> 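This is the structure I want to talk about, given as structure tokens.
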Number of protein chains: 2
Amino acid sequence: MPRNRRPIDRAEKRGEIVAAATDLFTEVGYDDSSMAKVAAAAGVTPTTIYWYFDDKDALLVAVLDHLLTQALEEAAAHVDDPWVDQVLWAVERLERYSRLVTVVHARTATSPTIDAWHESFHALMDTMLADGLARAGAAEEDVEAMTRMSVFVVEGLLTHPLSQPERRKIIEMISRPH
Amino acid sequence: MPRNRRPIDRAEKRGEIVAAATDLFTEVGYDDSSMAKVAAAAGVTPTTIYWYFDDKDALLVAVLDHLLTQALEEAAAHVDDPWVDQVLWAVERLERYSRLVTVVHARTATSPTIDAWHESFHALMDTMLADGLARAGAAEEDVEAMTRMSVFVVEGLLTHPLSQPERRKIIEMISRPH
DNA sequence: ACCTGAACACCGTTCAAGT
DNA sequence: ACCTGAACACCGTTCAAGT
């Protein structure tokens, strides 16, 4: 048995738990997906999850990181699109994870683990958005406000769904300097 | 004992439960405020709450309605203020209830009770905002988009706190027709 | 190192029993 | 009509015991 066999197994099993949790958290919801259900879906015992994750919030963070990595990879293909299309793409991409967005906002007040993730997520988003806006030719003094508005609009559109053309109209509204 | 004693008692006790729930839900959070804790704070048994409310979500709706009535009464004094000040006032007024805002968004996907309240709340807000914008002299074709943006900005500012001047700047951004 | 079954304190909710 | 104590099924998490 090769020396590095264990670490690989560990990463694999961890991945299976994260995959099961991703499905359940996004489709059933965080609150309604008990550790027992996640464990059953991953083919392990509830207690086993605690060998890989500190608690349920840590598992949620693993799910979020996993999805964020995926999304960032795909986003790379859109960096040269017009600004409006990029934001619209982000909304459509995040739409199926809207339950995670709302649960992160709700748990931020209670869970230091989730709060820390939420903070660092927005720090990352802010620099990415500022970069994108600068590349799209926005005036420097408008970048900060436009960054903030973009975040608000994306989150607003996720929690209050509109039709595609309505979305586009809203995004265009904030895409012009004032 | 007068004939109408009971109804008055009932409304009073119901009010005490709602008051206790309001405090706990806003300060401790909905998830971390068990029915047992609400009951203890209201001086009743957990089971008694179920005589007045169908379930925990119905209790949350009672809390929301109670706070909404209060807020609408106070808002009446500000209808003639400039638009930016009205929105800023709303953000400041709602700030201490930001936990309720996020929990409503999170539970909307799971609970028909909360979802129905959320829908009707936004219907009310939409007409109020549209009225306010019309009164403030906004062009008719801008009213819909500006209404939506106002909602997104208020909710965004509640979940991602900024300083007063930063808030004002953001609100001013969306207050000019495009 | 990894995994489990049994247990713990708690949860929202129900229900038979009281007044 | 109103309120309760006991009970139910479930929750997240821990821990002693196994391999």
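The shown structure was predicted, so the numbers you read here are calculated from the model rather than taken from an experiment. Reminder, nothing fancy here: chain letters follow the sequence lines and each chain counts from 1.
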> B/D9 has an atom CG; how far is it from atom C1' of D/dC3, in whole Å?
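B/D9 atom CG is separated from D/dC3 atom C1' by 13 Å.
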> When the distance from CE of A/M35 to P of C/dC11 is rounded to whole Å, what number comes out?
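That distance rounds to 18 Å.
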> Counting only Watson-Crick pairs (N1-N3 plus N6-O4 or O6-N4) and G-U wobbles (N1-O2, O6-N3), all under 3.5 Å, who is the partner of D/dG5?
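Result: C/dC15.
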> Atom CD of A/E16 and atom C1' of C/dC2: how far apart are they, to the nearest Å?
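Rounded to the whole Å, the gap is 15 Å.
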> Does NZ or CZ of B/K13 lie under 6.0 Å from the centre of the six-membered ring of B/Y52, at an angle within 45° of the ring axis?
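That pair does not qualify as a cation-pi contact.
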> From NZ of A/K37 over to P of D/dA9, roughly how many Å is that when rounded to an integer?
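Spelled out: NZ on A/K37 to P on D/dA9 is 16 Å.
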> Quick one: is C/dA1 close enough that its OP1 or OP2 comes under 4.0 Å of any side-chain N or O from A/R10?
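For C/dA1, neither OP1 nor OP2 has a side-chain N or O of A/R10 closer than 4.0 Å.
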> In terms of side-chain heavy atoms, does A/D115 have a donor or acceptor partner in A/H118 at a distance below 3.5 Å?
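Absent: no donor and acceptor within the cut-off.
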> Rounded off to whole Å, could you give me the CG-to-P distance for the A/D31 and C/dC11 pair?
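My rounded result for the distance is 14 Å.
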> Ignoring hydrogens and angles, state whether a donor on the side chain of B/D126 or B/T147 is under 3.5 Å from an acceptor on the partner side chain.
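Their side chains do not contain a donor-acceptor pair, so the 3.5 Å distance test is not met.
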> Please confirm whether A/H122 and B/H160 have ring centers closer than 6.0 angstrom.
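Ring centroids of A/H122 and B/H160 are less than 6.0 Å from each other.
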> Counting only heavy atoms and a strict 4.0 angstrom limit, can you tell me which residues of residues 45-66 of chain B come near DNA chain D?
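Going residue by residue through residues 45-66 of chain B, the ones with a heavy atom under 4.0 Å of DNA chain D turn out to be B/T45, B/T47, B/T48, B/W51, B/Y52.
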> Using the side-chain hydrogen bond (donor to acceptor under 3.5 Å, both in side chains) rule, collect all pairs that involve residues 33-51 of chain B, keeping only residues at least two apart or in two chains.
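Qualifying pairs, neighbours excluded: none.
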> When the aromatic ring centroids of B/F152 and A/F152 are compared, is their separation below 6.0 Å?
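No.
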> Taking NZ from A/K13 and C1' from C/dA1, how many angstroms apart are they, rounded to a whole number?
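It is 12 Å, rounded to the nearest whole Å.
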> Rounded to the nearest angstrom, tell me the gap between atom CZ in A/R14 and atom C1' in C/dC2.
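The answer, rounded to whole Å, is 16 Å.
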